[in-house]
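Numbering of residues begins at 1 and proceeds along the displayed sequence.
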Amino acid sequence: MAVKIKLKRLGKIRSPHYRIVVADSRTRRDGRAIEEIGLYHPVQNPSRIEVDSERAQYWLSVGAQPTEPVMAILKLTGDWQAHKGLPAPAPLLVAEPKDKRAAFDAFTKGLEGDEAKGEAITQKAKKADKKADEAKAESTESTEA
């Protein structure tokens with residue numbers, strides 16, 4: 001029996017998350033698994049990757065073949081390099097949370113030098129202003145005459 005390490009998809013339509021599973025190669029993508037050895041949540045920022053390294057090493061040692069996406073994940077975590085006897089990769093970088101308020105303040109400081117243009121004016125408002133100006137001009141002409 002050929003055993004694969006693959007991703008099992010879970011979640012809603014536009015918010016996928018996966019479990020890294022060991023399964024028979026003949027089972028369907030989301031079918032029955034022999035064992036779950038990790039998680040992968042690509043939508044989170046940064047992506048959440050958790051792999052039970054001990055179990056992944058075991059399954060790789062007994063001949064389980066990872067699919068391409070799982071191979072990439074195992075290379076990121078260093079489990080593939082440990083299996084092959086290669087040097088470990090650099091640790092995963094965790095993104096620092098951005099301070100949105102500071103970014104906004106920096107953006108608004110750049111705008112202070114420019115003249116403020118006031119409120120947004122739509123095309124309808126411009127047409128209404130033109131008509132009002134024309135009406136005023138006509139009314140002043142009629143009062144002058």
Side-chain angles (χ1 to χ4, degrees), residues 1-140:
M1 169 169 82
V3 178
K4 291 257 187 194
I5 303 174
K6 55 187 178 179
L7 295 175
K8 179 179 183 178
R9 190 182 194 282
L10 302 167
K12 297 180 181 178
I13 291 175
R14 288 180 181 82
S15 63
H17 55 276
Y18 301 91
R19 291 190 182 152
I20 301 170
V21 297
V22 178
D24 182 5
S25 63
R26 296 171 290 185
T27 60
R28 59 184 189 262
R29 178 188 71 181
D30 302 333
R32 193 177 78 175
I34 298 170
E35 183 179 356
E36 293 179 3
I37 61 170
L39 300 172
Y40 174 53
H41 295 257
V43 177
Q44 290 182 356
N45 190 15
S47 298
R48 180 178 170 199
I49 299 173
E50 294 178 15
V51 178
D52 184 357
S53 185
E54 186 178 305
R55 295 308 295 165
Q57 293 297 321
Y58 167 76
W59 283 106
L60 289 169
S61 68
V62 295
Q65 296 295 312
T67 59
E68 287 184 28
V70 174
M71 175 91 70
I73 291 171
L74 293 177
K75 285 182 180 178
L76 285 175
T77 60
D79 293 318
W80 182 253
Q81 289 87 339
H83 170 67
K84 290 292 187 182
L86 301 172
L92 291 175
L93 299 175
V94 177
E96 296 178 15
K98 294 182 180 178
D99 186 14
K100 294 180 181 177
R101 182 65 185 184
F104 178 75
D105 290 339
F107 177 72
T108 55
K109 282 183 182 177
L111 294 179
E112 287 176 2
D114 299 338
E115 274 189 37
K117 296 184 179 179
E119 297 179 15
I121 299 176
T122 61
Q123 293 295 332
K124 290 181 182 177
K126 285 181 183 178
K127 289 179 182 176
D129 289 342
K130 283 184 181 179
K131 287 181 182 178
D133 290 341
E134 290 173 2
K136 285 182 185 177
E138 288 178 10
S139 64
T140 56

From [X] atom [atom1] to [Y] atom [atom2], the distance as rounded to the nearest 0.5 Å:
X   : Y   : atom1 : atom2 : result
R29 : K6  : CZ    : NZ    : 10.0 Å
Y40 : L76 : OH    : CG    : 8.5 Å
K4  : I34 : NZ    : CD1   : 13.0 Å
T77 : Q81 : OG1   : CD    : 7.5 Å
H83 : L60 : NE2   : CG    : 5.0 Å
I49 : L39 : CD1   : CG    : 10.5 Å

On a heavy-atom basis, the closest approach of A82 and Q57 is CB-NE2, 3.6 Å

For A23 and A33 the tightest heavy-atom approach is CB-CA, 4.1 Å

Residues 74-90 vs salt bridge (Lys or Arg N to Asp or Glu O under 4.0 Å), sequence neighbours excluded, gives none

Practice item. Would you confirm whether D30, through its side chain, and R9, through its main-chain N or O, come within 3.5 Å as a donor-acceptor pair? Key: yes

Exercise for review: Determine whether T67 and I5 make a side-chain contact, defined as any pair of heavy atoms from C-beta on separated by less than 4.5 Å.
Suggested key: no

- Message: Is there a side-chain contact between I73 and L7 in this structure, where contact means two heavy atoms from C-beta onward sitting under 4.5 Å apart?
- Response: yes

By ring-ring contact (aromatic ring centres under 6.0 Å, His included), W59 pairs with (sequence neighbours left out) none

List, one per line, each side-chain donor-acceptor pair under 3.5 Å for residues 15-22, sequence neighbours excluded.
from: R19; atom 1: NH1; to: E36; atom 2: OE2; distance (Å): 3.3

